[in-house]
Peer 1: 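One structure, as structure tokens, below. Some questions next.
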Amino acid sequence: MLLAEIAQDVIKPLTRAEKLQLIADITKMLQEEEKAESELSPYFTPGQEVGRFGPINEPQIASQLQEMLTT
């Protein structure tokens with residue numbers, strides 16, 4: 001769904017109070033996300049590779065695990 005469609009179909013029909021509540025909820029979510037990122041910043045730097053994970057990298061994960069187990 002495009003942003004214009006969301007604005008037209010979802011946001012426009014809301015009452016003023018509901019729109020203000022939506023803004024407050026989104027603001028709170030963004031602040032919590034920012035706080036979570038800042039809590040991790042001592043451990044990670046932007047752009048730093050944190051290892052391989054996920055089904056796409058299974059062969060690389062297996063070799064990385066093997067290296068960890070043999071050292």
Side-chain angles (χ1 to χ4, degrees):
M1 185 176 275
L2 298 173
L3 187 56
E5 292 171 341
I6 293 171
Q8 182 68 28
D9 300 337
V10 179
I11 298 173
K12 192 172 183 179
L14 297 176
T15 66
R16 179 172 171 77
E18 291 171 330
K19 289 176 184 176
L20 291 173
Q21 184 61 49
L22 179 61
I23 291 170
D25 292 344
I26 292 171
T27 301
K28 181 179 177 185
M29 288 173 25
L30 291 173
Q31 289 170 343
E32 289 172 355
E33 183 178 315
E34 189 175 274
K35 181 181 176 189
E37 288 176 2
S38 68
E39 290 174 356
L40 295 176
S41 63
Y43 308 105
F44 302 102
T45 56
Q48 174 187 10
E49 184 176 331
V50 292
R52 298 177 178 96
F53 55 91
I56 295 172
N57 296 319
E58 286 178 354
Q60 293 89 355
I61 294 169
S63 66
Q64 184 183 31
L65 182 58
Q66 182 64 37
E67 289 173 23
M68 291 177 179
L69 293 173
T70 57
T71 56

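Only heavy atoms go into these numbers, but all of them, side chains included; no hydrogens, no water, no symmetry mates.
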Peer 1: Give me the atom names and distance for the closest heavy-atom approach of Lys19 to Lys12.
Peer 2: NZ-O, 3.7 Å
Peer 1: Consider only side-chain heavy atoms of I, L, V, M, F, W and Y, link residues closer than 4.5 Å, and tell whether Leu30 and Ile11 are in one cluster.
Peer 2: yes
Peer 1: Might you point out which heavy atoms bring Thr15 and Glu18 nearest each other, and give the distance in Å?
Peer 2: N-OE1, 2.8 Å
Peer 1: Are Val10 and Leu22 linked, directly or through intermediate hydrophobic residues, by side-chain heavy-atom contacts shorter than 4.5 Å (ILVMFWY only)?
Peer 2: yes
